[in-house]
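For reference, the structure discussed in these notes is given below.
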Amino acid sequence: MDTRRSEQAGGANHVGKAQVGSLAPGRVVGDGRYRLLAQFGVDERGDAHLWRARDGQLKRDVALTLLVGDPADPEAARLARRTLERATHASKFGHGGVARVLDVLALGSGITSSEGLLGVVVAEWTKGSDLVDLVAQRPVAPAAAARMVQALAEAVEQAHQNGLVLGLDHPQRLRLTPSGALKLAFPGPLPEATLRDDVKALGAVLYLLLTGRWALPGGPPAIPAAPMTPQNRIVPPRQLVPTVPADLSSLAVRTIEDGGNGGIRTSAAILRVLDQVAEEEERTQLIKAVGGDAVEPDGTIWTTKKPVKDVARRRKLALGVTVLVVATVIILAWGGLMLINVFQGDSKASGPSINVAAPPASSQQNGTQPPPPSTPAPPPSPSVGAAVPPQSVAVYNPEGKGDNTGRAKYATDGKPETEWRTEKYKQQFPTIKPGVGLLVAFENPINLSQVKVIGGTPGTKVEIRSATGKNPDLADTKVVGNGDLKDGETTIALAQPTQGQYFIVWITQLGDADGQFMTEIGDLSFLPAG
């Protein structure tokens with residue numbers, strides 16, 4: 001219970017404290033429907049207790065935000081009603097970065113005054129790990145921190161466009177999903193929360209991931225507060241953890257602090273900076289692949305160089321050498337076959353005799369020799385036309401939010417050095433989910449024959465699926481081709497040319513990434529039948 005509110009309520013609040021103390025595993029709330037399993041935190045600013053519970057009717061786990069207070073306190077009841085109203089509005093919002101609100105219970109509508117509760121927000125349970133537990137051991141690597149906040153910022157941006165405040169300015173309300181994305185697991189914004197508070201929370205979460213410290217008021221006791229300078233300014237993350245890049249350090253501070261002209265006020269601005277950081281991180285990964293800058297002690301690479309052109313040149317050189325070697329092998333094999341045919345046709349050739357059919361009588365009478373038997377020509381490869389650029393590309397994930405949605409465009413920009421990648425997973429598909437992919441749409445239907453993948457992660461298994469629209473169910477799509485990605489370029493030929501306007505490059509197995517699972521795609525080309 002909030003100490004300040006306890007002092008104001010006086011003796012009347014003694015009953016409330018006793019009721020809060022009875023919030024223990026096994027207790028049933030919400031008119032006997034939800035059995036409490038484990039507590040995951042307390043947002044003391046609004047007496048919001050965060051619990052995992054079991055829905056006895058639907059037999060599933062849910063996340064409960066319990067608004068604790070004395071029903072006789074009119075101010076407390078008013079604030080609780082405002083929170084419940086906001087949670088009700090949020091129930092209409094759908095995004096992979098926010099747990100879906102399933103129900104909102106108020107006094108007289110789902111809960112009774114004897115329960116010591118002013119309201120309950122019921123949300124779907126988010127599998128994964130606690131954000132506080134994540135940073136308890138050590139800060140998160142800068143690149144991973146940027147990706148986590150990027151996914152959360154996308155949710156904030158979409159919510160703000162719909163006029164909704166999410167209220168994610170408390171770390172115990174967030175959880176890390178198995179796919180490595182942050183998610184608002186316990187919705188229920190405080191009555192006075194604003195859009196600006198959501199933006200400041202993004203900076204505070206980034207600061208927390210980079211340093212293990214919380215830079216906003218009202219954080220949990222388990223997390224130390226961010227240090228302040230003598231001028232009452234937040235100490236930048238880079239001064240606490242030297243491996244933090246300057247741009248990320250500046251982004252966190254500029255987002256949290258209100259003063260000055262250099263502040264960041266919108267989630268869209270945060271996304272732009274994080275997108276730049278992601279591009280830099282991708283360049284450093286390319287450097288690592290070809291033997292570039294040294295790795296930091298924590299395994300993170302950061303550099304100010306831009307070797308993209310050199311990397312692209314090396315890829316093109318490797319591809320050219322591969323083509324030359326293959327062409328040479330084909331020519332030598334063809335020449336060998338021709339020599340064999342010549343010697344087989346020579347009646348004086350030494351070696352084992354070869355039984356051949358007798359030539360026609362007319363050939364014997366004329367004294368002419370029959371032509372040597374010819375080797376059957378290999379079947380001609382299907383002819384294809386010039387690649388057709390898609391009109392749009394988007395991450396396709398029928399089970400929720402896709403992976404790195406903001407970077408899908410780089411898979412079809414014609415630049416192999418800019419890549420789209422999946423998240424890193426601790427388990428292989430389909431254990432965690434059936435797959436993830438990219439859905440491309442063309443301006444007009446094409447007769448697709450081949451899909452070329454450049455810069456794909458080896459070991460990745462891919463299906464090419466045809467679809468009838470931009471948001472199809474996976475069961476409504478049709479597999480028209482498949483293949484395994486390898487270094488360099490991979491051509492996936494369809495079983496037969498397929499007419500369509502929408503196609504999905506669907507990943508059913510990820511590549512191996514240092515003990516985890518992830519797939520990168522540098523560029524995709526879609527070739528119609530010639």
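- With a 4.5 Å cut-off on side-chain heavy atoms, Y425 and S179 count as touching.
- Taking 4.5 Å as the limit, some side-chain heavy atom of V28 sits within range of a side-chain heavy atom of R35.
- Taken from CG in L64 to CG in D103, the straight-line distance is 10.5 Å, to the nearest 0.5 Å.
- When each of D512, T508, T422, T519 is tested with T460 by the rule side chain to side chain donor-acceptor pair (under 3.5 Å), just one qualifies, namely T519.
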Full working for side-chain contact (heavy atoms from CB on, under 4.5 Å) between L117 and L67:
CA-CA 6 Å; L117 302 175; L67 305 180; over 6 Å; no

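- Taking 4.5 Å as the limit, every side-chain heavy atom of K200 sits out of range of all side-chain heavy atoms of D169.
- A salt bridge links K183 with E124; the closest basic N to acidic carboxylate O contact falls under 4.0 Å.
- What you find for V395 and T405 is that their closest heavy atoms are CG2-CA, 3.7 Å.
- With 3.5 Å as the limit, one finds a donor-acceptor pair spanning the side chains of Q161 and E157.
- At distances below 3.5 Å, not a single donor-acceptor pair connects side-chain atoms of S250 with backbone N or O atoms of A246.
- Without hydrogens or angle criteria, Q172 side chain to V42 main chain gives a donor-acceptor distance under 3.5 Å.
- Not one N or O on the side chain of E257 forms a donor-acceptor pair closer than 3.5 Å with the backbone of R233.
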Apply side-chain contact (heavy atoms from CB on, under 4.5 Å) to residues I111 and V29 and explain how you reach the verdict.
CA-CA 7 Å; I111 58 175; V29 300; 5.9 Å; no

Determine, stepwise, if the pair T418 / K409 fulfils side-chain contact (heavy atoms from CB on, under 4.5 Å).
CA-CA 9 Å; T418 60; K409 58 187 177 183; over 6 Å; no

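- The closest side-chain heavy-atom distance from L209 to L131 is below 4.5 Å.
- Under a 3.5 Å cut-off, the side chain of E419 and the backbone N or O of Y410 do not form any donor-acceptor pair.
- Side-chain atoms of D197 and V165, non-hydrogen and from C-beta on, never get closer than 4.5 Å to each other.
- Taking CD1 of I264 as the start and OG1 of T255 as the end, the distance is 4.0 Å to the nearest 0.5 Å.
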Carefully, step by step, assess R238 and S249 under the rule side chain to side chain donor-acceptor pair (under 3.5 Å).
CA-CA 6 Å; R238 189 174 175 84; S249 180; over 6 Å; no

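- Of all the heavy atoms in P390 and V440, the pair that sits closest is CB-CB, 3.9 Å.
- Annotation for L202 and V149: closest pair O-CG1, 4.0 Å, computed over non-hydrogen atoms.
- Atom-to-atom distance recorded for L168:CG and H170:NE2 is 12.0 Å, nearest 0.5 angstrom.
- Taking each heavy atom of P139 and V241 in turn, the nearest pair found is CG-CG2, 4.3 Å.
- With a 4.5 Å cut-off on side-chain heavy atoms, L174 and V132 do not count as touching.
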Checking ring pair (Phe, Tyr, Trp, His ring centres under 6.0 Å) for the pair Y396/W420: CA distance, chi angles, key distance, verdict?
CA-CA 13 Å; Y396 174 72; W420 170 79; over 10 Å; no

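- The closest side-chain heavy-atom distance from V436 to F429 is below 4.5 Å.
- For Q501 (side chain) and E443 (main-chain N/O), a donor-acceptor pair under 3.5 Å exists by modelled atom type.
- Checked by atom type and distance alone, the side chain of R54 pairs as donor or acceptor with a backbone atom of K59 at under 3.5 Å.
- One finds no salt bridge joining D403 and R421 here, because no Lys/Arg side-chain nitrogen approaches an Asp/Glu carboxylate oxygen to under 4.0 Å.
- Between R52 and D61 a salt bridge is recorded (basic side-chain N to carboxylate O distance below 4.0 Å).
- The backbone N or O of G218 lies less than 3.5 Å from no partner atom in the side chain of E44, so there is not a single donor-acceptor pair.
- Side-chain atoms of N404 never come within 3.5 Å of backbone atoms of R407 as a donor-acceptor pair (strictly under, hydrogens ignored).
- Rounding to the nearest 0.5 angstrom, the gap separating the CZ atom in R254 from the CD1 atom in I234 is 13.5 Å.
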Walk me through whether H160 and V199 qualify under side-chain contact (heavy atoms from CB on, under 4.5 Å).
CA-CA 10 Å; H160 288 188; V199 176; 4.1 Å; yes

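- Residues L216 and A201 approach most closely at CD1-CA, 4.1 Å, considering heavy atoms.
- With hydrogens and angles ignored, the 3.5 Å screen pairs a side-chain donor or acceptor of D198 with a backbone N or O of L166.
- Residues I464 and W506 fail the side-chain proximity criterion, which asks for heavy atoms closer than 4.5 Å.
- Remark: side-chain polar atoms of D70 are paired, donor with acceptor, to backbone N or O of A72 under 3.5 angstrom.
- The environment of CG in D31 is sparse: at most 12 heavy-atom neighbours from other residues, nucleotides or ligands sit within 6.0 Å.
- Smallest separation of non-hydrogen atoms from L79 and P191: O-CG, 3.2 Å.
- Between atom CZ of residue R175 and atom CG of residue L182 there is a gap of 11.5 Å, rounded to the nearest 0.5 Å.
- Classification of the F40-F186 ring pair by plane angle, with boundaries at 30° and 60°, yields tilted.
- The distance from atom CZ of F442 to atom CD of Q391, rounded to the nearest 0.5 Å, is 10.5 Å.
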